[in-house]
Number of protein chains: 2
Amino acid sequence: MEDTVESSPALKAFGLLEAIAAMDHAPTLAELTEVANLPKPTLHRWLTMLEGAELLRRLPDGRRYELAARSTALAFAILSNNPGSIRRHQILQGVVRDLGESCNLTLLQGGEVMYLDRVEASLPLRVAFQKGSRVPVHCSASGKLFMALMPRGRRERLLTSLPLDKHTANTITDPAALDAELQQIKRQGYALDDEEFLTGLFCIAVPIFDRDGRDCMAALALQAPVVRLWRENAPDRLPALRTAASALAATLN
Amino acid sequence: MEDTVESSPALKAFGLLEAIAAMDHAPTLAELTEVANLPKPTLHRWLTMLEGAELLRRLPDGRRYELAARSTALAFAILSNNPGSIRRHQILQGVVRDLGESCNLTLLQGGEVMYLDRVEASLPLRVAFQKGSRVPVHCSASGKLFMALMPRGRRERLLTSLPLDKHTANTITDPAALDAELQQIKRQGYALDDEEFLTGLFCIAVPIFDRDGRDCMAALALQAPVVRLWRENAPDRLPALRTAASALAATLN
DNA sequence: TTCAATGTTCAGCTTTTCGGAATAAGGTTC
DNA sequence: GAACCTTATTCCGAAAAGCTGAACATTGAA
């Protein structure tokens with residue numbers, strides 16, 4: 001949270017949410033006291049208020065606070081109804097027009113890949129996903145890309161909590177094999193999904209970096225039937241995807 | 001935005017952001033006046049405040065407001081923050097996938113059992129409960145488990161304050177019988193609900209202990225119709241449930 | 001120019017927030 | 001189990017922020 005004084009108490013709540021969202025574990029009152037630089041009773045009052053508003057909730061131990069349903073709902077509403085959302089949709093439409101295949105803008109939410117937006121190709125033989133739906137990280141191009149580009153500690157924590165379910169014959173279910181795959185993805189800067197989630201479906205995903213160019217905050221993925229997109233011809237789409245990805249990056253800050 | 005009065009002015013800001021995020025175009029002050037049901041000067045003050053905090057910004061015409069950079073950043077932080085809730089939900093999904101029946105994560109809250117999270121089996125013949133709903137302690141597997149594992153003083157206090165209502169023919173309403181049941185539950189380390197709350201519904205619950213392995217802070221319960229789950233075959237599910245329970249424990253502290 | 005609609009400022013009154021100090025609750029050590 | 005420490009919660013008078021009717025300013029259309 002900012003160490004600068006908020007101009008109004010009403011805004012302090014946002015600073016608190018930001019502080020809690022930025023922590024990698026559910027904080028206690030005492031921990032937040034240091035981060036937020038607020039007196040204990042003041043902070044306690046705020047946390048109780050936010051809990052009552054269902055923006056936060058306490059873990060069963062009664063001491064730790066984590067984000068609750070209303071925060072998640074607000075976040076989703078913000079991202080899908082952002083001024084940039086129209087622009088993003090247009091960029092996706094441009095990719096679909098140029099490359100002729102369906103195209104997804106994805107986020108990593110918790111341990112799953114979420115479709116923030118999506119434009120479908122008008123061709124037949126397309127795959128019907130939906131905005132807001134989710135797929136596992138270990139068998140999607142975007143998911144593997146996110147894992148490959150995240151800090152090691154976070155990746156390891158995520159990997160231990162994942163089931164690595166087998167969805168198709170190609171799904172990578174061996175942790176060592178997945179790790180090798182992630183290293184290669186990191187080297188080459190893009191990821192493929194070669195029928196690892198749905199038989200017959202091939203994907204290629206490129207990262208969308210934040211302003212500093214370090215964090216991968218989203219991904220752009222092209223998906224098509226293997227009869228039209230496969231391991232050898234997929235990289236031909238990279239230039240167009242990379243151009244779109246950097247345009248998308250500009251809409252996400 | 002909801003028409004109910006926010007309990008505190010400090011939370012009004014969230015209601016406003018939600019209202020703006022829910023609109024399909026950038027609203028003017030006048031438009032928001034109707035939606036938010038606030039006097040014009042009040043709303044104007046809030047919008048100016050949110051604009052100053054970079055949560056909102058005005059379109060170049062100076063009249064319309066849209067979400068700004070800080071809102072987007074907050075949304076990303078909320079969604080990518082991996083509060084245990086997502087991980088817990090994944091674990092429940094895993095149990096449902098493995099065992100094929102609906103699964104609940106429960107807490108003891110205020111003398112009742114509360115469903116913190118829940119994943120339903122995709123089979124027909126499933127029972128529809130809801131997240132956040134509550135059931136009595138004396139006729140649910142989780143509730144009896146909580147009572148069996150809590151310190152004696154607390155249990156006795158709770159028992160004297162409970163009505164022990166009869167819900168079905170099997171509900172245990174005799175304090176002595178309940179006490180005997182609790183002792184057996186404590187010995188065997190899991191609890192059953194054999195149609196004690198709803199006729200036709202069978203449950204088995206295992207404890208989720210805190211880090212020290214002493215306090216039972218939550219419970220994992222599998223529930224199914226008696227035609228598929230009953231007293232003799234229920235213990236077969238224990239290994240899977242125990243594994244999931246210890247994974248859940250890690251998310252709860 | 002006039003009019004109507006929308007946006008902005010003002011000011012006194014009301015409500016909320018602030019946070020040090022006191023108290024309670026939980027844990028740990030001896 | 002008593003003493004001790006840490007963390008959480010409650011209290012309440014002082015201080016700050018919020019509220020909004022009314023007045024004023026600006027914009028755009030006729």
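Sequence lines set the chain letters: A, B, ... in the order given, protein chains first and strands last, and positions in each chain run from 1. Only this structure's heavy atoms are used, side chains among them; waters, hydrogens and symmetry mates stay out.
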J.: Starting at atom CG of A/Leu59, determine the distance to atom C1' of D/dA8, rounded to an integer number of angstrom.
T.: 16 Å
J.: B/Thr171 side chain to B/Thr173 main-chain N or O, any donor-acceptor pair under 3.5 Å?
T.: no
J.: With a 4.0 Å cutoff (strictly under), does any side-chain N or O of B/Arg63 reach OP1 or OP2 of C/dG7?
T.: yes
J.: What is the distance, to the nearest angstrom, from the CG atom on A/Leu43 to the C1' atom on D/dT9?
T.: 12 Å
J.: Return the value, rounded to whole Å, for the distance between atom CG of A/Leu38 and atom P of C/dG20.
T.: 11 Å
J.: Between A/Glu31 (CD) and D/dT7 (P), how many Å, whole number?
T.: 10 Å
J.: Check for a donor-acceptor pair, side chain of B/Arg88 on one end and backbone N or O of B/Asp117 on the other, with a separation under 3.5 Å.
T.: no
J.: Does A/Glu31 reach the main-chain N or O of A/Thr28 with its side chain, forming a donor-acceptor pair under 3.5 Å?
T.: yes
J.: Can you sort out the partners of B/Glu181 under salt bridge (Lys or Arg N to Asp or Glu O under 4.0 Å), two or more places apart, ordered by chain and number?
T.: B/Lys144
J.: Assign a letter to each nucleotide of nucleotides 9-18 of chain C from its 5' end: B, base within under 4.0 Å of a protein heavy atom; S, sugar-phosphate only; -, no contact.
T.: B------SSB
J.: Go through the steps to decide whether B/Thr72 and A/Leu79 satisfy the test side chain to side chain contact (heavy atoms under 4.5 Å, CB included), and finish with yes or no.
T.: CA-CA 6 Å; B/Thr72 312; A/Leu79 286 185; 3.8 Å; yes
J.: Measure from CD on B/Glu34 to P on C/dG7 and round the result to the nearest Å.
T.: 11 Å
J.: Just compare C/dT8, D/dA8, C/dG7 and give me whichever is closest to any side-chain atom of B/Tyr65.
T.: C/dT8
J.: What's A/Arg58 touching, base or sugar-phosphate or nothing? Going by heavy atoms closer than 4.0 Å.
T.: sugar-phosphate
J.: For a quick test of your reading: what N or O donor-acceptor pairs under 3.5 Å do the side chains of residues 235-244 of chain B make, sequence neighbours left out?
T.:
| residue | atom | partner | partner atom | Å |
| --- | --- | --- | --- | --- |
| B/Arg237 | NH1 | B/Asn233 | O | 3.0 |
| B/Arg242 | NH2 | B/Gly189 | O | 3.1 |
| B/Thr243 | OG1 | B/Pro239 | O | 2.9 |

J.: Rounded to the nearest angstrom, tell me the gap between atom CG in A/Asn37 and atom C1' in C/dG19.
T.: 13 Å
J.: Separation of B/Leu29 atom CG from D/dT20 atom P, in whole Å?
T.: 14 Å
